[in-house]
Structure formats: C-alpha cells, structure tokens
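Note that the coordinates shown come from a computational prediction; the quantities given were computed from them, not determined experimentally. Both counts, for ligands and for their atoms, begin at 1 and track the order of listing.
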Amino acid sequence: MTKEPENNLMEKIVALSKRRGFVYQGSEIYGGLSGTWDYGPLGVALKKNIENLWWKRFVSDREDMYGVDAAILMNQEVWKASGHTTTFSDPLVECMKCKRRFRADQLTDPKTCPDCKGKLGEARQFNMMFKTHSGATEDETAVSYLRPETAGGMFVNFKNVLDSLHPKLPFGLAQIGKAFRNEIAPRDFIFRVRELEQMEIEYFIPEKLWEEQFEYWRKEMLDWMKSIGLSSSKIHELEVAPEDRAHYSKRTIDFEFDFPFGRKELYGLAYRTDFDLTNHSKASGVDLSYFDDETKERFMPHVIEPTFGVGRTMLALLCDAYTEDTLGEEPRIFLKLSPAVAPVKVAVFPLLKNKPQLVEKAKEVFTMLKKEFGAVVFDDNGNIGKRYRRQDEIGTPFCITVDFDTVEKDAGVTVRGRDTGKQERVVISELSAFLKKALS
Ligand code: ATP
C-alpha cells in the first residue's frame, strides 16, 4: 500500500471530492466564485459528523459548557470594540506590471511578482471584514459586517447567559457557525476560503487559572484530533511569537498539520485575557463583570479560546485518509477514514441485481441496519468490484453482500473490510453486534 507523492496528491483529492460528491466549486456553472466551495451530499455528511462529534464532546457531555447560535450580522460597534475594524488586516501588495495582488507576508521575495517577475508596489493594510449595509439606507450608520470569527457572538451574549442560567466560573460558551474573511489570496482547495465555518469555545476563568486552563485545553485539543483519527505524527504545535499574535492575545499556540502543500495552521489556542469583556463593557456601557458568590468579589473574567476550523478539519481528514493500494490485482483508492467520521458506515449489496430473491433479502438486511446505524446505503449498480471501488473512495468501512448461500442455505452474509479487503462470513442474527463492535 502506498501513500501518493505529495505533489499531485492535492489534485487527486480535489478530483475525488468532486467525483464522489464531497466538495464542488462554488457557483461552478457560472465559472465559480473565488474562495467559495459548496459541500455535496457526502461532504455534508462528513462535515455534520465532525460537528456532531465536536458538539457532543465539548458541549453535551460536559456540565460547564453552554451552546449559543448568534447572528452573523452584528452591530458595527461590536467590531470597533474588539479592534477588528482597525487591526483585522493583512498586508496587500500589487504587481505594477500584471496588477495581480498578493499577501506580502506570504511571499519569499516581497519586491518581485511571483507570477510575472514585475516590480511589486508598497504594501498596504487590507481589512478582511466583509462590509455591508443593514436596511434600506446606505450611510455609515447602517454599516454592518459579516462576522470574521464566531467569537464576537459569544462575548456579546456573556451577560445574557449569566442572567438566564447563572453558571459559575469557570464555564464556557460554544458555537459552531459561519464566519467570513475577504482573504487576499484564497487557495489550497478548502484550506483558505472567504466563507468558512468555525467551532469555537470561549472559556471564562478567573485570571489566576489561565496557565493551568491553557494547558488543559492544549491537551483537550490534541485528544480531539486523535479521537477523529488524525495521525499524531502530522500534528505539530507552534508557539506563536508575540509580534505574530492577534492583537487580543497574550499567548497563542497554533496546531499545525502536514498538508500536502506544506505544514499549515489547522487550529489555534489563544489566551485572550479580559480584553474582550473589558472592551465590550466600556464600549456598550453594559457591565460584563462577574460576581463570585463565595468570595464576594466582582471581577472581569479572563478567556481561553480553543478554535477549530471545520473545513480545515475536513481537509486534514481527507488528506490523511487518502490511500492508493497498488498491491492487489487491481490498484484501488480508498479513504482510510475513522468509522466515527465516515459519511457512510455500511453498504449493502445483492450479489446480482436481476435475482429478486437476492434483492429482497439484501433490502431486508439494509432496512434492519439502517434503523440501527443510520448512515447505511443500498447499492445494486454495476458489478461487485465496481461497488467496492465506489464505497472505498468515500471511505465506507464495511460492505455487505447477500448471495445465493445467504438465501438458500441461511449461511449469513459476506462482510468485507475497507482497509484490508478481507472478507468474512457473518450470520444475519449476529450482524448488528458484529458491526457495532467493528465500528466503535
Ligand atoms: P491563518 O493564519 O491561516 O490565516 P488565522 O490565524 O487568521 O489563520 P484564526 O483567526 O485563529 O486563524 O481562526 C481560527 C481558525 O479558523 C483557524 O485555526 C482555521 O482553522 C480557521 N480559519 C481561519 N481562516 C480561515 C480561512 N480563510 N479559511 C478556512 N479556515 C480558516
């Protein structure tokens, strides 16, 4: 079994994603819209599995976490107070010859155009927030921004949650949702896009706990990556230097992943101090401090922020899982996805589609498994080899075939494992238990 050489691996992943219905180019029939991608049926299933696992682990299974789902459009004062209107920018340079634009900090030679070798102009700061107007007027008072991170929606709701549920510190707010960044150079498939999705936590703590909580969340993030099946050897921690940290952060770790196009940020962990609550208190005039019933002290909570990009998680999983098997009779491609995230868990086939007794029995097995495992598909299209290839390419862990022995001799079904191609016979009454164990 071989891993694909890295240079053309991305092309193959992009092609597979389109072919099998994971990810399509945004607005494709009109020539696309740079930095946007649409998720197809398999992509949505993979994305939802990631989000559901995340929500279960970090919200539902905990007693100190509260979910919110805030509006994407927010009052412009939010982004003034958080510093985004003045500092959420990247250095932009334009080629004086071909007029193409680049992010200055991503160029090896900041003076020469990487495309036409023309001279690059002076760098200027380009604010990445998408600006729009809310309502029928288009003056400055109606300006609104599509949120550039989901965090803002949690800080402005801090007091609401305190007032309605009275949580005790430390506790967290969590949110999964869209964010928008007008990236100068969207690239690398779904890695750098203009419309993205984040899974974020703002964990509120007394200041004195920041170091231990930072360490706790660092380990939680590593555990999460392991739990969804990412290879630990491809994950690296980068302590971000003070001059490279976001304006609100006193300590940041980037979790980087070895993508085929290089080692790049997958997730971030930041200590945001009391920057956000303090600034929103000052700007809004609403006191966002916390009163501790036990110590009788009032203070501004500090914040540890673990942040996870949904698209980057999906891309890391696809890159890590893509495998070409050249050892068998026929070379095959398969996605070695962990069953927890795999969009389809089990596929059921009748050996032949024109034999009603096989189709009927296969449908029976399919209905039984669908009730229990949900993401189960029925496929009778093409020969068995083709059906295996199709399921391999979308990462289905198990394929089940109903044949003549199943119906004539009550001899069970054939269960074939994706990674090894190994086949074994399992009696139908034990199939559920067998799969439950194998998928867990
Ligand atoms: P980068 O340095 O790659 O631009 P960032 O440091 O600006 O990322 P954060 O502001 O920390 O990113 O955003 C939190 C997370 O959101 C990132 O770790 C990443 O997973 C995701 N993310 C940020 N920008 C994008 C983008 N343009 N496209 C896809 N995901 C993104």
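The side chain to side chain donor-acceptor pair (under 3.5 Å) check on Arg312 picks up nothing, with sequence neighbours excluded. Looking at residues two or more places apart in sequence or on another chain, you find no side chain to side chain donor-acceptor pair (under 3.5 Å) involving Lys386.
Relative to the ring axis of Tyr271, Arg251 does not place its NZ or CZ within 45° and under 6.0 Å from the centre.
Within 4.0 Å of ligand 1, counting heavy atoms only, the contacting residues are Arg181, Glu183, Phe191, Arg192, Val193, Leu196, Gln198, Glu265, Leu266, Tyr267, Gly268, Thr307, Gly309, Arg312.
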Can you give the donor-acceptor pairs under 3.5 Å from side chains of residues 432-440 to other protein atoms, not counting sequence neighbours?
{"unit_1": "Ser432", "atom_1": "OG", "unit_2": "Glu372", "atom_2": "OE1", "d": "2.8"}
{"unit_1": "Lys436", "atom_1": "NZ", "unit_2": "Glu372", "atom_2": "OE2", "d": "3.2"}
{"unit_1": "Ser440", "atom_1": "OG", "unit_2": "Lys437", "atom_2": "O", "d": "3.0"}

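Within the 3.5 Å criterion, the main-chain N or O of Ala151 finds a donor-acceptor partner in the side chain of Glu200. Under a 3.5 Å cut-off, the side chain of Arg194 and the backbone N or O of Phe130 do not form any donor-acceptor pair.
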